[in-house]
Amino acid sequence: MDHFPTNWGRPRNDAFDAYGTYPIHQRPQNGPKDAFSAGVQRTQQPIVTGTSVIAIKYKDGIMMAADNLASYGSLARFKDVQRLHPVGDNTVIGAGGDMSDFQYIQTLLNELDIEEYTAQDGHSLGPAEIHEYLSQVMYARRSKINPLWNSLLVGGVKNGTRFLAYVDLLGTTYSASTLATGYGAHIAQPLLRTAVEGFEDVLTEEQALKIIENSMKVLFYRDARSLNKYQVATITKDGVNISESKHLETSWSFAEGIRGYGAQTQ
Amino acid sequence: MFRNTYDSDNTVFSPQGRLHQVEYALEAVKQGSAAVGLRSKTHSVLLALKRSTGELASYQQKMFRIDDHVGIAIAGLTSDARVLSNFMRQQAMSSKMIFNRPIPVNRLVSAIADKAQVNTQEYGRRPYGVGFLVIGQDNGGPHLYEFSPSGNSYEYYAMSIGARSQSAKTYLEKHYESFADCSLEDLVRHGLHALRETLQQDKELNINNTSIGIVGPKSENETKEVPGGAFRILENSSIEPFLKTMVAKESADAPAPAAPAAPATGDEDVQMSG
Amino acid sequence: MTQPVQQAFNPYTENGGTILAIAGADFSVIAGDTRQSEGYSIQTRYAPKVFRLTDKATLAVNGFAADGNMFVKKVRQRLEWYRHAHAKDMPIRAIARLIQTMLYARRFFPYYVYNILGGIEEDGTGAVYSFDPVGSYEREACRAAGAAQSLVQPFLDNQIYFKNQTPAPGTSFPKHLPLFTVLPLVIDSFTSATERHIEVGDGLEIYVVLAKNSDSLQGLQAIGGIQEVTANTDGERTFVIRRDLKKD
């Protein structure tokens, strides 16, 4: 029995709906809701998005970078967004994909971080544990068909061991000495592999920074949803450091003579 | 049957500020056969005395494996112990599932202590009638904890619980300073000597009535390899080499047998002091 | 009137790679490549697909990697509860039935994975069990699954089951092949699959499970880079052999 009088389908009576808040053709649906109910909103596509995150292993630890842009479709909407997030003393996560989902992930991790810190028993979560936790969260959400629309990199150093791994909205995970999300997986990853594979234990911080800088520059040249303003995180045995925003020096003078880039003379 | 007005409901304090039901629960632990735990820099060990109801009956289980890195010995109600050890196994597995990390031993002990505390405060419940010795290893090294139904948990160099455990404690207090640098074999021998103190006059430790639990690298007395020094329970023939290392009581520098503790018959009600 | 079209979220992907297992008289070989890919991108060159479950059972998982990893984790938890309850490892035929039950429990939201379970049966014989994503399973002598199944399985049919071969007059084909014949077949299967399939390559992991006191132990030690993963030598023994595959 539907106890909601406006659903009874008789002529309007001002006694119970004096102001006609429910137009006849748009009555509230009070029946049981099922999986297809419009009452539940799930992320079906990302809205405000971040683009690539890249990261490499080097001699002293992990270096990760992401630009400061959060796009709204093709609109460069927010230009001072930090997409690298420290967790505990040994870990940084970098996020591409939906920024609101990423902010939710940050609150999850902050709660976790506080819980772990307040135990004060000498145990702490390292990058491997945080990555496992994130994988479980991401996989659980995809299994509810309600994904957190992100690609995440997790990097860190704990007890002398470097850790770098990936997890995304499907719960897919993997680990390698160079990783890149989004466009970076196509554009930066080949450059990073050439520069890093086999040299993980000899690359200095300066050399690593050069490699990262170069990749960010190539990404800015080629990825329309990127920005020439980015941050670099380094995680070593001494802890986490996330840099101030850096600017990329790019040169577009080559475009002058190329048809399709600059102003056309004919 | 009531000793006084304040012992039928564990949520009511006596005028002396005590919870009688909780204290009775602690008595239940003392009714169980003894368990001893010791710790060195490299190992933690448990030793327990198994009871049998008669010649025809098997011996009760005194030790439970919780995870690769944690194990417990119990004294008190075995059925309560099974509930709690099941909970500990769940906690250990959920830590593996969520963080891929063996659960830190102290957190596991705190988790059951918190559970036990709830039973000392909420209406309509009863405290657990069992005490644990918990050994385990994590990145803080080997550990030994005692858990009791009052909701308390403490870390120890060496500890004993159960019937006549005071005698074992006396032995441990006399020797504990040497435990830190002991070899595993010496540590187990100390444990056996301590456990022996809890026996009645004419009884002795044998392969049927003794269990040994170990975390840490393998002993030369063990035949099976133990990757990662995982927790293992030794029983029956595999403890024979350890029993052989015991020194006869007269020549061992053990204290004279302590005066028999409170009779462990368990028929009459417990005498409360104060 | 047209409704707005929404691209529904697809909870699955396909991560490439291939696995296979072959049972001998008193051994079982379970192998998989280590490449993980999505589309044309190689995600990593080392993501194991073969997992040792107990001293006598090893599981290879192929398909959607996230489902595969979660499935292995859940199986391992069930095996741990079995150990708690019975103080021994679950026998392989029981693990096989457990896997069926676990897969079928998700009949209407399946684990998108093909499982191949290899190991030693209670009677000491080598066993291979293969599964489809929703739990249909059977015991076989050999099975290939994954991206290059269509390349590898016909090869195994020919070389293990002697399909389309006739024995020389007066002779018959052996029922079980020895380990020193099986191992090169496994390696050749993967080098060939690597050559012709873009999703196969990078690395090869071969697990060899030997029955108690198996004769196959002879000569196994001579294999380069072999590594034993069981701690005790008095029961079933498991070894891993790792090989590079082409990375292009």
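By convention in this document, chain letters (A, B, ...) are assigned in the order of the sequence lines, proteins followed by strands, and residues within each chain are numbered from 1.
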Non-hydrogen contacts under 4.5 angstrom with chain A: give the residues of residues 63-72 of chain C involved, or none if there are none.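 Near chain A, by residue number: F64(C), A66(C), D67(C), N69(C), M70(C).
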Tabulate, in ascending numerical order, the residues of residues 80-108 of chain C having at least one heavy atom closer than 4.5 Å to a heavy atom of chain A, or enter 'none'.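 Within residues 80-108 of chain C, the residues that come under 4.5 Å of chain A (heavy atoms only) are R106(C).
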What do you reckon, is [atom1] of [X] surrounded by more than 12 foreign heavy atoms closer than 6.0 Å?
{"X": "Y12(C)", "atom1": "OH", "value": "yes"}
{"X": "Y40(C)", "atom1": "OH", "value": "no"}
{"X": "F155(C)", "atom1": "CZ", "value": "yes"}
{"X": "Y112(C)", "atom1": "OH", "value": "no"}
{"X": "Y221(A)", "atom1": "OH", "value": "yes"}
{"X": "E115(A)", "atom1": "CD", "value": "no"}
{"X": "K247(C)", "atom1": "NZ", "value": "yes"}
{"X": "E195(C)", "atom1": "CD", "value": "no"}

Take R193(A) and I42(C), measure what side chain to side chain contact (heavy atoms under 4.5 Å, CB included) needs, and give me the verdict at the end. CA-CA 11 Å; R193(A) 283 181 180 161; I42(C) 296 171; 4.2 Å; yes
Chain C contacts, top residue of S177(A), A176(A), A180(A), S143(A) (heavy-atom pairs, under 4.5 Å):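 The residue among S177(A), A176(A), A180(A), S143(A) with the greatest pair count is S143(A).
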Identify which of M138(A), Q136(A), Q189(A), H186(A) forms the greatest number of heavy-atom pairs closer than 4.5 Å to chain C.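 That would be Q136(A).
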Could you tell me whether the side chain of T44(C) reaches within less than 4.5 Å of the side chain of S175(A), counting heavy atoms only?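 Result no, sub-4.5 Å side-chain heavy-atom pair not found.
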Answer whether the closest heavy-atom distance between the side chains of N146(A) and F9(C) falls below 4.5 Å.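 Contact flag for N146(A)/F9(C) side chains = no.
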Tell me, please, whether Y174(A) has R45(C) positioned over its six-membered ring: NZ or CZ under 6.0 Å from the ring centre and within 45 degrees of its axis?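 Cation-pi check for R45(C) and Y174(A): fails.
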Nearest non-hydrogen partners of T172(A) and N15(C), listed with the distance: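 Heavy atoms only, the tightest pair is CG2-ND2, 4.1 Å.
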Of the non-hydrogen atoms in Q36(C) and T173(A), which two are nearest, and what is the gap between them?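 For Q36(C) and T173(A), the tightest heavy-atom pair comes out as OE1-O, 3.2 Å.
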Counting only non-hydrogen atoms closer than 4.5 Å, does Q43(C) touch chain A with its backbone (N, CA, C, O), its side chain (CB onward), both, or neither?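 Backbone plus side chain of Q43(C), per the 4.5 Å heavy-atom cut-off to chain A.
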Carboxylate-amine/guanidinium contact K73(C) E132(A), below 4.0 Å: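 Result for this pair is yes, salt bridge flagged.
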